[in-house]
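Position 1 is the first residue of the sequence; numbering continues from there. Counting starts at 1 for both ligands and their atoms, following the listed order.
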Amino acid sequence: MSTENPFENSRMQLAKCAAILKLDDGVHEMLRHPMREMHVSLPIRMDDGSIRVFEGFRVQYNDARGPTKGGIRFHPDETIDTVRALAAWMTWKCAVVDIPLGGGKGGVICNPKEMSDGELERLSRKYIQSISQIVGPEKDIPAPDVYTNPKMMAWMMDEFSKISGMNKAGVITGKPLSIGGSLGRGDATARGGLYTIREAAKELGIDLKGAKVAIQGYGNAGYFAAKIATEEYGSTVVAISDSKGGIMNMDGIDPEVAFQHKVDTGSVVGLSNTDPISNEDLLELDVDILIPAALEHVITENNADKIKAKIVAELANGPTTPKADVILHERGVHVIPDFLCNAGGVTVSYFEMVQNFYMYYWSEERVHSRLDRKMTDAYHAVLEASKKYDIDMRTAAYVVAIDRVVVAMSDRGWI
Ligand code: NAD
């Protein structure tokens, strides 16, 4: 059962895994709470001369495995419980790909679409100033998230460096390349997802060459997934979509041509040699691999029994509802859960930090091969847990992650 409160939902997932892992009640209770959170008021001079005070948060959920890491969201509907849930979720995500980081998240309640560049710069600098005592390359490393971008990360890194009196590139990731960003970050989420799809295809005996793929959403995650699946694995992308609708061609869609069409017209809809298809019907197409790469809650109890794909690879966050999960599992659909499938982004962010520490930058090939190793190992750890406990892949991913956090807490002598 899920509720409207994301933090309560994250606690329900934890409770399910605590039972499987037979966690001590006290340890379970420790994991139910963020270790630390900071609430800040951010007064900003607006362009019209007035002062507005924005509300911001930074939550550090658990740092047993290392400094906390997680994005900063600038959103009008931000709530502390959303930030808490996402910080918990980052803890499990970093643990499942076995990077030496804990989980955190930050947010500011504001509407960036109604703010000028100057106002956003002042707010970005004020936010990092206000939380500067609890962030840093060895404490907590933020990154871009909803409505924040590399430009804002650059302002925040610059402000933190001024406060520190030295260059502190490693305080934040997702920076422009000129000031310590990493090669390979742009397509990292999709590329990481494709590594897990490759491993799942091997497990299920599916040949990716010529395999049929449908992708919902054609933004950063969806477009790169289409491009990599086609160019590097020889798969056939038969359907794609965006917020305006979808298109299909069972003989294949050229990802670059579709991308250009979206740049020119604002949507993939209307591309020549394709037929229109709704976002709902796209999910039910007879394909080998379905990649939700747009919204949450698109696979529900109403359509889960109509999904024909053998693999559902969740590049989007939360595309499958808990009830749909049960149906997919019963029907033998192989789900690669979101926080495993889309962990390529945080993994390359971690590589960015490592390069900042060493002040030595890797080639794109090196980023790819190290990402491959992380994602492949993570996929197999989750697959093994799903077989060992006879549980679905999502629960298995939580079990692997939570177990790793608990081991670190124990090794530190916390429990
Ligand atoms: P994006 O904004 O670049 O693209 C989103 C795409 O979804 C767009 O093509 C948009 O038109 C489409 N879309 C919006 N509403 C839709 C609807 N009703 N039906 C169908 N399509 C719709 O975002 P993104 O970065 O590609 O992220 C997509 C998903 O992947 C999100 O759930 C995000 O949280 C997740 N994700 C992304 C990254 C990353 O590094 N980009 C990392 C982890 C998770």
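- Under the 30°/60° scheme for interplanar angles, the aromatic rings of Trp92 and Tyr61 are found to stand perpendicular.
- Crowding of Glu384 atom CD: a count of heavy atoms from other residues, nucleotides or ligands under 6.0 Å not exceeding 12.
- Between Trp362 and Phe351, the angle of the ring planes lies from 30° to 60°, which puts this pair in the tilted group.
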Pairs under 3.5 angstrom, nitrogen or oxygen on both sides, ligand 1 versus protein: list them out, please.
residue	atom	partner	partner atom	Å
ligand 1	3 (O)	Asn220	N	2.9
ligand 1	9 (O)	Tyr218	N	2.9
ligand 1	9 (O)	Gly219	N	3.2
ligand 1	11 (O)	Ser243	N	3.1
ligand 1	19 (N)	Asn279	ND2	3.2
ligand 1	26 (O)	Asn220	N	3.1
ligand 1	26 (O)	Ala221	N	2.8
ligand 1	30 (O)	Leu315	O	3.3
ligand 1	32 (O)	Ala294	O	3.2
ligand 1	32 (O)	Asn317	N	3.0
ligand 1	34 (O)	Asn317	ND2	2.8
ligand 1	40 (O)	Thr189	OG1	2.6
ligand 1	41 (N)	Asn220	OD1	3.2

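- Here the side chain of Lys69 pairs no donor or acceptor atom with the backbone of Met90 at under 3.5 angstrom.
- Listed by chain and number, the residues in a salt bridge (Lys or Arg N to Asp or Glu O under 4.0 Å) with Arg73 are Glu78 (sequence neighbours excluded).
- In this structure, the side chain of Lys308 engages the main chain of Glu284 through a donor-acceptor pair within 3.5 Å.
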